[in-house]
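Taking it in order: structure first as structure tokens, then the write-up.
Values below: every heavy atom of this structure, side chains too, minus hydrogens, waters and symmetry copies.
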Amino acid sequence: MKQHFMMFAAYNQWANGRIYDAAADLDEEEFNRDVGAFFGSLMGTLNHLLAADRIWMKRFTGEGDAPTALDTILHRALPKLRTAREAEDRRIIDWLSGLSDKALSGRFTYMTLSDMRTVSQRLAPALAHVFNHQTHHRGQAHMILTVLGRPSVPLDLAHFQRTEEGRAFA
């Protein structure tokens with residue numbers, strides 16, 4: 001189980017890097033343009049992904065800064081957002097690498113943001129949600145980039161597994 005989640009953490013880091021690379025030449029107007037995605041723009045979508053990961057990591061670890069809303073704008077400029085994204089991806093990988101299989105099968109408890117209720121659940125399904133959530137919104141980021149006229153970015157897990165960094169997970 002741990003190897004499975006380590007694969008998704010490494011894939012997550014790789015795919016996020018590809019999205020940020022593809023966005024690197026956007027001007028400020030393009031980065032902020034509302035194209036009708038759930039969080040409007042690429043800026044909104046990438047901030048949401050970082051905010052959600054920080055919220056979940058705070059729930060998992062009890063540590064770190066976590067916003068109180070899913071639409072929090074942590075950074076308006078892409079370079080600062082990328083630096084924060086890279087740090088969060090590293091944090092996720094480092095945290096997972098220290099977990100035992102027993103911990104992955106254990107439970108944790110947290111308070112929801114939307115309706116302020118206490119939830120207790122197993123860690124592994126919550127982690128599956130976190131990585132699935134990343135993939136879902138990265139797909140929206142991909143769509144935003146193509147709407148802005150940028151080339152399609154291959155993000156398939158199989159594509160990652162054929163790279164040097166992903167080969168260990170193939």
Side-chain angles (χ1 to χ4, degrees), residues 5 7-61 63-96 110-119 121 125-160 163 165-166:
F5 288 119
M7 174 189 69
F8 277 113
Y11 165 71
N12 190 58
Q13 180 181 48
W14 173 85
N16 285 335
R18 294 179 65 82
I19 289 291
Y20 277 85
D21 287 347
D25 71 340
L26 294 177
D27 63 33
E28 186 177 347
E29 186 279 326
E30 290 172 312
F31 185 56
N32 289 286
R33 187 183 304 164
D34 187 336
V35 297
F38 194 85
F39 289 92
S41 64
L42 189 58
M43 189 269 300
T45 301
L46 295 179
N47 269 283
H48 167 69
L49 282 169
L50 181 58
D53 278 0
R54 285 184 174 178
I55 290 164
W56 280 104
M57 287 299 290
K58 176 83 174 194
R59 290 170 176 172
F60 295 150
T61 69
E63 298 174 356
D65 293 327
T68 57
L70 292 170
D71 60 353
T72 298
I73 302 302
L74 298 163
H75 300 285
R76 293 200 173 274
L78 185 63
K80 286 186 177 186
L81 187 58
R82 182 177 195 150
T83 299
R85 173 77 265 167
E86 289 170 348
E88 197 65 24
D89 287 341
R90 184 81 246 151
R91 178 181 178 215
I92 292 167
I93 290 168
D94 290 347
W95 174 70
L96 278 171
Y110 63 93
M111 182 77 71
T112 62
L113 291 179
S114 57
D115 56 4
M116 300 304 290
R117 64 187 168 97
T118 301
V119 174
Q121 71 178 98
L127 277 170
H129 162 74
V130 167
F131 293 121
N132 185 61
H133 178 261
Q134 274 278 341
T135 299
H136 166 70
H137 285 293
R138 239 188 337 264
Q140 291 175 342
H142 181 277
M143 178 276 304
I144 293 167
L145 286 165
T146 57
V147 165
L148 295 173
R150 297 312 190 272
S152 180
V153 181
L155 296 174
D156 290 337
L157 179 61
H159 187 76
F160 165 70
T163 66
E165 59 264 56

* Non-neighbouring partners of Ala23 that pass side chain to side chain contact (heavy atoms under 4.5 Å, CB included), sequence neighbours left out -> Leu26, Leu42, Leu78, Leu145
* Asked: Given Met7 and Leu157, is the side-chain contact (heavy atoms from CB on, under 4.5 Å) satisfied, shown in steps?
  -> CA-CA 9 Å; Met7 174 189 69; Leu157 179 61; 4.1 Å; yes
Which donor-acceptor pairs under 3.5 Å do side chains of residues 63-77 form with protein atoms, sequence neighbours excluded?
| from | atom 1 | to | atom 2 | distance (Å) |
| --- | --- | --- | --- | --- |
| Thr72 | OG1 | Ala69 | O | 2.7 |

* Who passes side chain to side chain donor-acceptor pair (under 3.5 Å) against Asn47, sequence neighbours left out? -> none
* Asked: Taking only residues at least two apart or on different chains, which pairs with a member in residues 32-46 satisfy salt bridge (charged side-chain N to carboxylate O under 4.0 Å, His left out)?
  -> Glu29-Arg33
* Would you say the ring centroid of His129 lies under 6.0 angstrom from that of Trp56? -> yes
* To do: In sequence, state the C-alpha distance, the side-chain angles, and the governing distance for Leu96 and Phe8, and then conclude on side-chain contact (heavy atoms from CB on, under 4.5 Å).
  => CA-CA 10 Å; Leu96 278 171; Phe8 277 113; over 6 Å; no
* **Residues forming a side chain to side chain contact (heavy atoms under 4.5 Å, CB included) with Val119, sequence neighbours excluded** => Tyr110, Thr112, Arg117, Gln121
* Asked: So which pairs with a foot in residues 136-155 pass salt bridge (charged side-chain N to carboxylate O under 4.0 Å, His left out), sequence neighbours left out?
  -> Asp25-Arg150, Glu30-Arg150
* Set of ring-ring contact (aromatic ring centres under 6.0 Å, His included) partners for Phe131, sequence neighbours left out -> none
* With sequence neighbours left out, what residues match Phe39 under ring-ring contact (aromatic ring centres under 6.0 Å, His included)? -> His48, His137
* Asked: Which distance, rounded to the nearest 0.5 Å, do you find between the CE of Met143 and the CZ of Phe38?
  -> 12.5 Å
* When rounded to the nearest 0.5 angstrom, what distance separates CD in Glu165 from OH in Tyr11? -> 12.5 Å
* Residue pair Pro154 / Arg18: nearest heavy atoms and the distance that separates them -> O-NE, 2.9 Å
* Structure fact -> Between the CG atom in Asn16 and the CG atom in Leu46, the distance rounded to the nearest 0.5 Å is 8.0 Å
* Structure fact -> Which of Asp89, Leu81, Ile55 passes side-chain contact (heavy atoms from CB on, under 4.5 Å) with Leu50? It is Leu81
* **Spatial distance of atom CD1 (Ile93) from atom CZ (Arg91) [nearest 0.5 Å]** => 13.0 Å
* To do: Kindly give the heavy-atom pair with the smallest separation between Ala37 and Thr45, and that separation in Å.
  => CB-OG1, 4.4 Å
* For Glu86, all residues meeting side chain to side chain contact (heavy atoms under 4.5 Å, CB included), sequence neighbours excluded -> Arg82
* Output all residues satisfying ring-ring contact (aromatic ring centres under 6.0 Å, His included) with Phe5, sequence neighbours left out; order by chain, then residue number. => none
* For Asn32, side chain to side chain contact (heavy atoms under 4.5 Å, CB included) partners two or more places apart -> Glu28, Met43
* Interatomic distance, His133 atom NE2 to Asn12 atom CG [nearest 0.5 angstrom] -> 11.0 Å
* How far apart are the C-alpha atoms of Phe160 and Leu155, what are their side-chain angles, what is the distance that settles it, and do they pass the side-chain contact (heavy atoms from CB on, under 4.5 Å) test? -> CA-CA 7 Å; Phe160 165 70; Leu155 296 174; over 6 Å; no
* Asked: Where do Asp53 and Arg85 land on the salt bridge (charged side-chain N to carboxylate O under 4.0 Å, His left out) test, with the steps shown first?
  -> CA-CA 9 Å; Asp53 278 0; Arg85 173 77 265 167; 2.6 Å; yes
* **Residues which pass side chain to side chain donor-acceptor pair (under 3.5 Å) with Ser114, listed by chain and number, not counting sequence neighbours** => none
* Give, for atom CG of Leu49 and atom CD of Glu88, the distance between the pair rounded to the nearest 0.5 Å. => 11.5 Å
